[in-house]
There are 2 protein chains.
Amino acid sequence: MSVKVDLTMVKTRSTQQRVAILQILEGTDEFRSAQEIHKLLEQKKLKVGLATVYRTLQKMAVQEDIDAIRSAHGEIIYRKCGQKEGHHHHLICRQCGITITVDGPTIENWTEKIAKENGFREVSHTLDIFGICKNCYRKA
Amino acid sequence: MSVKVDLTMVKTRSTQQRVAILQILEGTDEFRSAQEIHKLLEQKKLKVGLATVYRTLQKMAVQEDIDAIRSAHGEIIYRKCGQKEGHHHHLICRQCGITITVDGPTIENWTEKIAKENGFREVSHTLDIFGICKNCYRKA
DNA sequence: AGTCTTACTGAGAATAGTTATCAATAGACT
DNA sequence: AGTCTATTGATAACTATTCTCAGTAAGACT
Ligand SMILES: [Zn+2]
Ligand SMILES: [Zn+2]
Ligand SMILES: [Zn+2]
Ligand SMILES: [Zn+2]
């Protein structure tokens, strides 16, 4: 009898630190880095260790409570996504950061197919589309 | 906040180091990081300083001799311009990390379509598929 | 070929973002 | 209250990249 490990199943405790970080994320639509969130918490007189901020955001991203992408500058930035339900993807402007939520069966089916063809199970995927939006292109 | 210098205006000398780095890039269609290129040069018994590799690649990218993108892992990776044949995606086992390279027109077309529908230009994308490979699943 | 200018180089220090370590703490459950 | 263990905080370690600066070598011009 073997135990199946599923990261989304591990018990997550509701700590003061986790709640504080979540509140920051819920207070904006923008992507925020771990460092930024740590500073914002300091301003609110909430002392949360930097390592805790990193760990919590990382875990939230794995459990799909928040979205994580890599900025052009190299930092991982996080956002509580407006669309709370359902798997989906993002179309992001490299210039101004405006983000459009997109989804559709095409990639979902394609990734499933590719994974199955290679004998993989418990499949998931990440996909982000980047470009220059109409507005920014006009200004350039 | 850093001061931006226009590197395209300064004279570029053809040094042994620059030639060696260019040869590495011309020897493959894949994206390579500065660290990887530095190791490859070592294997060819060419001693080129790591800082020089970083500086040279950075300058080549600014002068648009090569393409530079940020990998999901956070590194800047470089490729000799032109053909997009090197573009592909990864199917990664969450357990053992084994990685399979995959590609196909399906997602390429889909992402292009989605971006165009939303008025985006200069489109790029990132996609990774995760799962449990046959081997690891059997062991579990 | 010799000389001059200055872009370029290498080694290491410095920086930025992130992850690992580990003893102490505090949720959750009986 | 007591137990179990996920979580925390301070800091060390790590990875990728940039900076510093004295020494080197393209390339231009005699
Ligand atoms: Zn989203
Ligand atoms: Zn834009
Ligand atoms: Zn595996
Ligand atoms: Zn693609």
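Throughout, protein chains are lettered first and strands after them, A, B, ... in sequence-line order, and every chain is numbered starting at 1.
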With a 4.5 Å limit on heavy-atom distance, are the side chains of [X] and [Y] in contact?
X        : Y        : answer
A:Tyr137 : B:Glu122 : yes
B:Thr52  : B:Arg18  : no
A:Val19  : A:Ser14  : yes

Name the closest nucleotide to the [X] side chain, picking from [options].
X       : options               : result
B:Gln35 : C:dG17, D:dT17, D:dT8 : D:dT17
A:Val48 : C:dA11, D:dG9, C:dT18 : D:dG9
A:Thr52 : D:dA26, D:dT8, C:dA11 : D:dT8

Could you state the atom-to-atom distance from [atom1] of [X] to [atom2] of [N] in whole Å?
X       : N      : atom1 : atom2 : value
A:Glu75 : D:dT15 : CD    : C1'   : 15 Å
A:Ile69 : C:dT18 : CD1   : C1'   : 17 Å
B:Gln17 : D:dA26 : CD    : P     : 8 Å
B:Lys39 : D:dA16 : NZ    : P     : 8 Å
B:Leu50 : D:dT17 : CG    : C1'   : 9 Å
A:Arg32 : C:dG17 : CZ    : P     : 15 Å
A:Ile76 : D:dT15 : CD1   : P     : 15 Å
A:Ile77 : C:dA16 : CD1   : C1'   : 16 Å

Polar pair under 3.5 Å, donor/acceptor by atom type, side chain B:Arg55, base C:dG10: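 It does, because a donor-acceptor pair links the side chain of B:Arg55 to the base of C:dG10 below 3.5 Å.
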Identify the heavy atoms of [X] and [Y] that sit nearest to each other, and give their distance.
X        : Y        : value
B:Ala20  : B:Leu46  : CB-CD1, 3.9 Å
A:Val102 : B:Ile114 : CG1-CG2, 3.6 Å
B:Trp110 : A:Asp103 : CZ2-O, 4.0 Å

Position toward the 5' end of DNA chain C (nearest nucleotide), A:Ala34 or B:Gln16: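 Its nucleotide being nearer the 5' end, the pick is B:Gln16.
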First of B:Val53 and A:Tyr78 reached from the 5' end of DNA chain C, by closest nucleotide: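 In this pair, the answer is B:Val53.
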Select from A:Lys47 and B:Arg70 the residue whose nearest nucleotide in DNA chain D is closer to the 5' end of that strand.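 Between the two, 5'-proximity favours A:Lys47.
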Aromatic contact, A:His89 with B:His125 (centres under 6.0 Å):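 Centroid distance A:His89-B:His125: not below 6.0 Å, so no.
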Does A:Arg32 qualify as a cation-pi partner of A:Tyr78, given the criterion of NZ or CZ under 6.0 Å from the six-membered ring centre and within 45 degrees of its axis?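 The answer is no; the distance or angle limit is not met.
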Do any N or O atoms of the protein come closer than 3.5 Å to N or O atoms of nucleotides 28-30 of chain C, and which pairs are they?
residue	atom	partner	partner atom	Å
C:dA28	OP1	A:Ser14	N	3.3

Do any side-chain nitrogens or oxygens of A:Tyr54 fall under 4.0 Å of OP1 or OP2 in C:dT19?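 For C:dT19, neither OP1 nor OP2 has a side-chain N or O of A:Tyr54 closer than 4.0 Å.
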Just checking [X]: base, sugar-phosphate only, or nothing, at a heavy-atom cut-off of under 4.0 Å?
X       : result
A:Gln58 : sugar-phosphate
A:Thr56 : sugar-phosphate
B:His38 : nothing

Indicate yes or no for a side-chain donor-acceptor contact from A:Gln63 to the backbone of A:Met60 under 3.5 Å, with no hydrogens or angles considered.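 Such a contact is absent between A:Gln63 side chain and A:Met60 backbone.
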Is it true that atom CG of B:Asn109 has more than 12 heavy atoms of other residues, nucleotides or ligands lying nearer than 6.0 Å?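 Check passes, neighbour count above 12.
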How large an angle, rounded to 10°, do the end axes of the helix from C:dA1-D:dT30 to C:dT30-D:dA1 enclose when each is built from five base pairs?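 Answer for the end axes of this duplex: 40°.
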